[in-house]
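It should be emphasised that the depicted structure is a prediction, and the values quoted were computed from it without experimental measurement.
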Amino acid sequence: MSSLHRFEVWAPIPRSVGLFLDGDIHRMQRNSSDWWHADVAAQPDSRYGFVLDDDPTVLPDPRSPRQPAGVHEPSQLAVLDESVWTDQAWTGRQLAGAVVYELHTGTFTEAGTFDAAIERLDYLVELGVTHVEIMPVNAFNGVHNWGYDGVLWYAVHEPYGGPGGLQRLVDACHARGLAVVLDVVYNHLGPSGNYLDRYGPYLAEGANTWGRTINISGAQSHDVRRYIIENALRWFREFHIDALRLDAVHALVDHTAIHLLEELAVETNRLSAHLRRPLALIAESDLNDPRLISPRSAGGYGLTAQWDDDIHHAIHSAVSGEKQGYYGDFGSLSGLVHTLEHGFFHAGTYSSFRGRHHGRPIDIRRTPASSLLAYTCTHDQIGNRAIGDRPGFYLNAGQLAIKAALVLLSPYTPMLFMGEEWGASTPFQFFTSHPEPELAEATAQGRKAEFGAHGWNTDDIPDPQDPETFSRSKLDWSELDTEPHARLLDCYRSLLTLRRTRPEITDPWLTELTADYDEDERWIVLRRGTLRIVANLGPDPVVVPVGGSPILWWDEPTTAETGAATTIPGHSFAVLETNRKT
């Protein structure tokens with residue numbers, strides 16, 4: 001049944017805008033703020049778009065709620081069916097004390113859809129996860145992609161299940177007590193299907209690694225900022241999302257007095273109060289700047305948390321011995337201990353990778369470690385390796401267990417990347433499906449050139465456009481009950497159970513964490529209340545001058561008769577219970 005519908009679009013650039021609606025063109029009126037509107041009778045699922053000036057091409061709505069035929073085609077009116085929601089009693093989950101699980105919808109299951117992901121939610125609950133983080137699902141060109149090439153930020157990628165599929169997944173998560181984190185990208189637009197610059201000054205003159213930057217502080221940037229903020233609020237309000245992971249906020253160029261992130265934090269807090277449930281903003285940042293997660297009352301932006309690559313680099317380099325690229329300053333146990341005790345490794349110190357001093361110290365008396373997400377790997381740390389190899393491809397199971405223990409028993413908010421908990425044998429490679437031959441070729445050649453310059457054999461680098469690259473990256477769920485995967489999975493479950501049952505593990509205050517280490521013998525000890533997390537990063541057994549009763553381990557330790565020392569097998573960890581807090 002048709003009803004009167006107001007169609008609106010912000011378009012300061014064209015002289016005229018026509019509304020395309022189910023095959024007909026309707027004139028639109030312009031107001032003083034460069035918003036065009038037309039009130040026309042439409043069906044609930046009408047296809048529509050806009051025609052700018054004399055160009056007959058029908059362009060999708062920049063705020064399109066649905067793109068059933070792809071990002072180059074007309075939009076479709078779509079409103080979520082409110083009767084689908086069963087989460088009326090959902091009061092949310094705070095991020096402090098959480099365990100986050102990052103997944104890519106297309107490769108998490110064989111089917112690669114939201115509905116297929118629902119079938120694995122009970123497994124995540126049993127594992128000990130509290131938050132499911134979904135890599136970007138906004139509309140992009142092609143069938144499969146990491147999601148960071150989105151061009152229509154309000155629409156949900158159709159092959160995953162569209163907006164209705166995302167709604168069902170969020171509702172199913174809430175039914176199981178799982179909060180949902182959605183990865184969103186506001187720092188650039190993808191290379192295919194971006195028509196925003198035909199409408200208005202959405203793009204700035206500068207560029208970042210992925211394309212032209214977004215105009216968030218130049219002339220006519222107010223409506224661009226509102227485009228971003230209202231998109232973020234829409235995920236919270238309409239899709240019941242609990243948190244947003246903000247991609248690469250260091251690429252947001254904002255010279256205004258009130259940074260976009262601070263403005264977004266204010267609006268999010270306001271909506272949180274209205275919805276009466278916690279809403280979180282989690283930044284991915286390369287800045288090592290505590291202002292992101294400092295409260296506004298202390299001069300910060302007021303974000304809830306941020307990813308912490310320094311913790312990843314310090315753990316990974318110490319365990320693996322890798323020193324290339326941004327691992328160059330990492331690898332020592334002293335650096336690992338410093339990072340675990342202070343949050344950042346680079347905090348006003350020289351970064352050889354950047355060729356300059358980098359970062360700023362965190363005030364550990366005022367900033368809880370729960371504001372920093374720690375991880376053994378992420379989609380980036382795997383997928384941005386030349387061949388997308390997971391740590392299990394070059395580390396043994398004991399080394400994987402050490403990394404897990406250092407992250408999951410740390411004061412930080414731990415995050416797992418799908419499949420790491422069983423040492424998945426499948427890679428996570430960089431994959432695309434650009435329909436345009438020239439873009440497909442440029443992507444493939446650019447990937448080879450990038451890694452060839454770093455000494456990789458270009459024949460080994462997967463073609464992102466090859467469908468097999470995508471297929472290889474799908475998890476193989478049949479591995480869970482086979483060795484060596486089953487043993488590692490049991491270790492992860494035990495570590496997460498310990499984290500859930502012992503308050504000293506989730507204690508977020510770094511002032512309560514102390515550590516010892518021996519650089520030569522390659523062991524480290526973390527003190528968490530009466531618990532001692534002891535890890536031997538070397539291949540041979542070592543005697544560590546720490547006593548206690550072993551309650552969890554990878555390979556069983558041996559306690560000296562005096563009770564003052566413990567022998568830890570090579571590439572293993574143990575958790576010891578003592579009768580002392582210090």
Open item on the list: Ring-plane angle category for Y148 and H379, please: parallel below 30°, perpendicular beyond 60°, tilted otherwise.
Closed with: parallel

Task: Side-chain ion pair, D555 and R487, N-O less than 4.0 Å - done: yes

Open item on the list: Below 30° counts as parallel, above 60° as perpendicular, anything between as tilted: where do the rings of Y301 and H259 land?
Closed with: parallel

TODO: Give a yes or no on whether the backbone of H338 and the side-chain of H342 come within a donor-acceptor separation of less than 3.5 Å.
DONE: yes

TODO: Answer yes or no: is there a donor N or O on one side and an acceptor on the other, between the side chain of R532 and the main chain of G529, under 3.5 Å?
DONE: yes

Open item on the list: Could you tell me if the side chain of Y412 sits less than 4.5 Å from the side chain of L510, heavy atoms only?
Closed with: yes

Open item on the list: Any salt bridge linking E262 with R296? Criterion: basic side-chain nitrogen under 4.0 Å from a carboxylate oxygen.
Closed with: yes

- [ ] Could you check R93 against D242 for salt bridge (Lys or Arg N to Asp or Glu O under 4.0 Å), going step by step and ending with a plain yes or no?
- [x] CA-CA 8 Å; R93 274 188 179 272; D242 301 284; over 6 Å; no

Open item on the list: Is the distance between the ring centroids of Y186 and W153 under 6.0 Å?
Closed with: yes

Task: Closest non-hydrogen atom pair between P136 and G147, with its separation - done: CB-O, 3.2 Å

Task: Nearest atoms (heavy-atom pairs only) where A232 meets L244 - done: CB-CD1, 3.5 Å

- [ ] Answer yes or no: does atom CG of D81 have more than 12 heavy-atom neighbours from other residues, nucleotides or ligands under 6.0 Å?
- [x] yes

TODO: Go through the side-chain N and O atoms of D310 and N288 and say whether any donor and acceptor fall under 3.5 Å apart.
DONE: yes

Task: Lys/Arg N to Asp/Glu carboxylate O, D115 vs R168, below 4.0 Å - done: yes

Task: Output field: ring centroids H104/W146 closer than 6.0 Å - done: no

Task: Side chain to side chain, N145 and F470, heavy atoms closer than 4.5 Å - done: no

Open item on the list: Could you check whether any side-chain heavy atom of L537 comes within less than 4.5 Å of a side-chain heavy atom of H571, counting everything from C-beta outward?
Closed with: no

TODO: State, without any angle test, whether Q465 and T432 hold a side-chain donor-acceptor pair at a distance under 3.5 Å.
DONE: yes

Open item on the list: Please tell me whether S478 and D476 have a donor and an acceptor in their side chains that are separated by less than 3.5 angstrom.
Closed with: yes

TODO: Look at E110 together with K474 and state whether they make a salt bridge at an N to O cut-off of under 4.0 Å.
DONE: no

Open item on the list: For E126 and R493: C-alpha separation, side-chain torsions, deciding distance, then whether salt bridge (Lys or Arg N to Asp or Glu O under 4.0 Å) applies.
Closed with: CA-CA 8 Å; E126 190 271 338; R493 286 171 171 158; 3.0 Å; yes

Open item on the list: Are H313 and F345, when compared by the centres of their aromatic rings, separated by less than 6.0 Å?
Closed with: no

Open item on the list: Within the 4.5 Å heavy-atom criterion, are Q324 and E322 side-chain neighbours or not?
Closed with: yes

Open item on the list: With heavy-atom distances below 4.5 Å as the criterion, would you say the side chains of R528 and L513 are in contact?
Closed with: yes

- [ ] Report the C-alpha separation of D247 and R245 in whole Å, then their side-chain angles, then the decisive distance to 0.1 Å, and conclude whether the salt bridge (Lys or Arg N to Asp or Glu O under 4.0 Å) test is met.
- [x] CA-CA 6 Å; D247 180 67; R245 182 262 191 188; 2.9 Å; yes

Task: Whether H174 and W90 hold their rings parallel, tilted or perpendicular, with breakpoints at 30° and 60° - done: parallel

TODO: Tell me yes or no: between the side chains of Y375 and E420, is some donor less than 3.5 Å from an acceptor?
DONE: no

TODO: Spell out, as yes or no, whether a donor-acceptor pair under 3.5 Å connects the side chain of N208 to the backbone of H188.
DONE: no

Open item on the list: For a quick check under 3.5 Å, do T530 and E577 share a side-chain donor-acceptor pair by atom type?
Closed with: yes

- [ ] Compare all side-chain heavy atoms of L95 with those of V181 and state whether any distance is below 4.5 angstrom.
- [x] no

TODO: Would you confirm whether H157, through its side chain, and A139, through its main-chain N or O, come within 3.5 Å as a donor-acceptor pair?
DONE: no

TODO: Determine whether the side chains of S64 and Q67 contain a donor N or O and an acceptor N or O closer than 3.5 Å.
DONE: yes

Task: Charged N-O contact under 4.0 Å between E230 and R237 - done: no

Open item on the list: Are V156 and W235 packed together at the side-chain level, in the sense that at least one heavy-atom pair is separated by less than 4.5 angstrom?
Closed with: yes

- [ ] Return the orientation label for the W85 and H240 ring planes: parallel under 30°, perpendicular over 60°, tilted otherwise.
- [x] parallel

Task: Residue pair T304 / L279: nearest heavy atoms and the distance that separates them - done: OG1-O, 4.2 Å

Open item on the list: Looking only at the side chains, is there a donor atom on one of D286 and H250 sitting less than 3.5 Å from an acceptor on the other?
Closed with: no

Task: side-chain contact (heavy atoms from CB on, under 4.5 Å) between T339 and F344, worked out - done: CA-CA 5 Å; T339 306; F344 291 154; over 6 Å; no

Open item on the list: Between N536 (side chain only) and W523 (backbone N and O only), is there a donor and an acceptor less than 3.5 Å apart?
Closed with: no

TODO: Would you please classify the geometry between the F108 ring and the W477 ring as parallel, tilted or perpendicular, with 30° and 60° separating the classes?
DONE: perpendicular

Task: Candidate pair E504 and R499, rule salt bridge (Lys or Arg N to Asp or Glu O under 4.0 Å), full reasoning - done: CA-CA 8 Å; E504 57 263 69; R499 182 177 185 87; over 6 Å; no

Open item on the list: Could you check whether any side-chain heavy atom of F431 comes within less than 4.5 Å of a side-chain heavy atom of T469, counting everything from C-beta outward?
Closed with: yes

Open item on the list: Counting only heavy atoms from other residues, nucleotides and ligands, does the tally under 6.0 Å from CZ of R500 exceed 12?
Closed with: yes

- [ ] Taking the six-membered ring for Trp and the full ring for Phe, Tyr or His, determine whether the centres of Y101 and F417 are under 6.0 Å apart.
- [x] no

Task: Distance-only polar pair, side chains of W422 and E479, donor-acceptor under 3.5 Å - done: yes

